[in-house]
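Worksheet: the structure to be examined is printed underneath.
We name chains A, B, ... by the order of the sequence lines, and we start the count at 1 in each one.
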There are 2 protein chains.
Amino acid sequence: MNEIEKFKEKLKDKGYKLTTQRRVILDVITENRDKHLSSEEIYDLVRLKYPEIGLATVYRTLQLFEELGIVYKLNFDDGRNRYELYHNENHQHHHLICLKCGAVIEMEGDLLENLEEAIEETKDFEIIDHNVKFFGYCSKCRSRYN
Amino acid sequence: MNEIEKFKEKLKDKGYKLTTQRRVILDVITENRDKHLSSEEIYDLVRLKYPEIGLATVYRTLQLFEELGIVYKLNFDDGRNRYELYHNENHQHHHLICLKCGAVIEMEGDLLENLEEAIEETKDFEIIDHNVKFFGYCSKCRSRYN
DNA sequence: TTGACAATTGAAAATGAATATCATAAACTA
DNA sequence: TAGTTTATGATATTCATTTTCAATTGTCAA
Ligand SMILES: [Mn+2]
Ligand SMILES: [Mn+2]
Ligand SMILES: [Zn+2]
Ligand SMILES: [Zn+2]
């Protein structure tokens with residue numbers, strides 16, 4: 001079963017229809033799997049392939065994709081939602097955000113075992129997901145420091 | 001030197017004036033040091049003491065307090081800014097947010113040594129601050145699970 | 001203590017991301 | 001293909017936050 005078929009099935013499962021718009025939006029996100037695009041950035045890219053699309057459709061579709069577990073919503077504190085393709089391992093990649101140039105670097109590996117264990121024990125809190133961001137200076141920006 | 005004097009000095013240092021509005025806003029935040037209030041919640045509390053204050057002043061002041069390191073801006077993904085008093089240790093308390101009741105629990109202690117070390121080494125990234133949130137179910141919500 | 005001047009304020013308008021509304025259009029299904 | 005349902009695009013709306021600007025207030029030197 002190919003990618004599109006899987007996608008179609010995921011939609012059909014919940015009574016959603018496969019539309020050109022949804023397909024194009026998925027394409028754009030897939031072609032930019034390394035990026036962390038905002039809704040409007042996605043809108044702009046989608047319009048290159050499908051100029052008639054409406055902005056509301058993009059917003060609606062991103063919401064839908066999040067529900068379906070196709071996409072993961074990110075918050076980089078820049079006042080807009082950002083999205084990345086959901087890969088199973090999502091619960092263990094962190095984002096490093098450069099305070100100077102805004103670069104976003106991914107850190108694979110969870111490495112939160114200590115902390116999560118301490119939380120579950122001392123706070124009796126069942127962790128479902130986490131959101132870990134580091135702010136600082138990337139290597140480029142460090143070299144041309146002051 | 002008392003609290004107000006310190007505050008006055010912090011302002012004067014950068015050419016800011018000590019106004020009644022700023023003093024009242026600081027009071028409200030201080031009296032709620034255990035909470036994580038949003039801008040509008042702060043506005044409502046401030047109005048009880050100083051009804052003539054304008055909403056814009058509250059927003060402006062919270063921004064200013066953040067610049068001055070008096071207050072720390074939080075993002076709990078609920079579409080509004082929240083603030084807490086800055087205490088030196090800020091770089092090491094995490095927030096646990098209950099997905100059911102919205103409770104916010106604080107987890108003292110950093111416990112990110114492993115992770116931060118790995119980042120600084122493998123990514124050559126200098127960490128200035130981090131933002132760590134855990135989403136899950138608090139003990140109350142766990143007991144009346146389903 | 002006063003006055004000059006810069007900083008601050010409140011009210012109101014403006015912004016910007018996201019959502020809601022609704023008539024029309026496309027997808028699915030029998 | 002017809003009939004039903006879901007989806008779409010254009011537009012209006014919401015809501016938090018920011019901007020604007022005339023009027024007020026705090027500071028500090030004289
Ligand atoms: Mn990522
Ligand atoms: Mn806190
Ligand atoms: Zn950088
Ligand atoms: Zn709870």
Side-chain angles (χ1 to χ4, degrees), chain A residues 4-5 7-28 36-68 70-71 73-83, chain B residues 4-5 7-28 36-68 70-71 73-83:
Chain A
I4 299 284
E5 286 304 312
F7 175 51
K8 202 168 175 176
E9 197 140 300
K10 233 176 204 175
L11 289 171
K12 199 162 59 179
D13 266 12
K14 311 227 169 129
Y16 297 121
K17 295 174 177 173
L18 176 60
T19 63
T20 315
Q21 289 87 338
R22 287 175 178 165
R23 209 194 284 245
V24 175
I25 292 170
L26 181 65
D27 285 347
V28 163
H36 304 87
L37 299 174
S38 69
S39 312
E40 295 240 11
E41 285 167 347
I42 292 170
Y43 175 56
D44 289 339
L45 291 170
V46 167
R47 261 194 308 181
L48 298 176
K49 302 179 181 234
Y50 194 107
E52 321 86 286
I53 202 166
L55 177 57
T57 301
V58 174
Y59 275 100
R60 278 186 294 237
T61 304
L62 291 171
Q63 268 188 188
L64 177 65
F65 283 6
E66 205 204 352
E67 276 173 45
L68 297 177
I70 291 169
V71 119
K73 181 158 70 171
L74 307 166
N75 185 329
F76 289 171
D77 289 312
D78 60 352
R80 61 198 60 197
N81 290 337
R82 299 188 167 274
Y83 296 89
Chain B
I4 299 284
E5 284 306 311
F7 176 51
K8 201 166 173 177
E9 196 140 301
K10 231 175 206 178
L11 289 171
K12 200 161 60 178
D13 266 12
K14 311 226 172 128
Y16 298 120
K17 294 174 178 170
L18 176 60
T19 63
T20 315
Q21 290 88 337
R22 287 176 179 165
R23 209 194 284 243
V24 174
I25 293 170
L26 181 65
D27 284 347
V28 163
H36 303 88
L37 300 173
S38 69
S39 313
E40 296 238 13
E41 287 167 344
I42 292 169
Y43 175 55
D44 289 340
L45 291 171
V46 167
R47 259 194 308 180
L48 298 176
K49 302 176 181 239
Y50 194 109
E52 322 86 285
I53 202 167
L55 178 58
T57 300
V58 174
Y59 274 97
R60 278 185 294 235
T61 303
L62 290 170
Q63 269 185 188
L64 177 65
F65 283 6
E66 205 206 352
E67 277 173 45
L68 296 179
I70 292 171
V71 119
K73 181 158 71 173
L74 307 165
N75 185 329
F76 290 170
D77 288 312
D78 59 352
R80 62 200 58 200
N81 291 335
R82 298 186 168 275
Y83 296 88

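Between A:Phe7 and A:Phe65, the angle of the ring planes goes over 60°, which puts this pair in the perpendicular group of the 30/60° scheme.
In this structure, A:Leu11 places its CG atom 12 Å from P of C:dT29, rounding to the nearest Å. Between B:Tyr83 atom OH and D:dA16 atom C1' the separation is 11 Å, expressed in whole Å. What separates CD of B:Glu66 from P of D:dT18 is a distance of 10 Å, to the nearest Å. Put simply, CG on A:Asp13 is 14 Å from P on C:dC28, counting in whole angstrom units. We find that CG of B:Leu18 is positioned 11 Å from C1' of D:dT27, with the value rounded to whole Å. Taking atom CG of residue B:Asp77 and atom C1' of nucleotide D:dA16, one finds them 15 Å apart after rounding to whole Å. Rounded to an integer number of Å, the gap from A:Lys73 NZ to C:dA18 P is 8 Å. Straight-line distance from the CD1 atom of A:Ile42 to the P atom of C:dA17: 14 Å, rounded to whole Å.
Considering only residues two or more places apart in sequence or on other chains, B:Asn81 meets the side chain to side chain contact (heavy atoms under 4.5 Å, CB included) condition with B:Ser39, B:Lys73, B:Tyr83. Applying the side chain to side chain donor-acceptor pair (under 3.5 Å) criterion to A:Arg60, with sequence neighbours excluded, gives A:Thr57.
The closest side-chain heavy-atom distance from A:Tyr59 to A:Thr61 is not below 4.5 Å. Counting only heavy atoms from C-beta outward, the side chains of A:Leu62 and A:Leu64 never approach each other to under 4.5 Å.
Within the structure, every pair that satisfies the salt bridge (charged side-chain N to carboxylate O under 4.0 Å, His left out) test and touches residues 36-51 of chain B, not counting sequence neighbours, is listed here: B:Glu31-B:Lys49, B:Glu41-B:Arg82, B:Asp44-B:Arg47.
Side-chain N/O atoms of B:Tyr59 include none lying less than 4.0 angstrom from OP1 or OP2 on D:dT18. Close to C:dA18, at under 4.0 Å from its OP1 or OP2, lies a side-chain N or O of A:Asn81. In this structure, B:Ser38 does not reach the D:dA16 phosphate: none of its side-chain N or O atoms is under 4.0 Å from OP1 or OP2.
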Given protein heavy atoms under 4.0 Å, the one-letter contact record of nucleotides 3-14 of chain D, with B base, S sugar-phosphate only and - none, is simply --BBSBBB----
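Mapping B:Lys8 and B:Ser39 onto DNA chain D by nearest heavy atom places B:Ser39 closer to the 5' end of the strand. Taking for each of B:Glu40 and B:Lys12 the nucleotide of DNA chain D with the nearest heavy atom, the 5'-most of the two is the partner of B:Glu40.
With the end axes of the helix from C:dT1-D:dA30 to C:dA30-D:dT1 each set by five pairs, the angle from one to the other reads 40° at 10° resolution.
To the nearest 0.5 Å, atom CD1 of residue A:Ile53 and atom OH of residue A:Tyr43 are 8.0 Å apart. Interatomic distance, A:Leu37 CG to A:Ile42 CD1, rounded to the nearest 0.5 Å: 5.0 Å.
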Table please: side-chain donor-acceptor pairs of residues 17-26 of chain A below 3.5 Å, with sequence neighbours left out.
unit_1  : atom_1 : unit_2  : atom_2 : d
A:Thr19 : OG1    : A:Arg22 : N      : 3.2
A:Gln21 : NE2    : A:Tyr50 : OH     : 3.4
A:Arg22 : NH1    : A:Lys17 : O      : 2.6

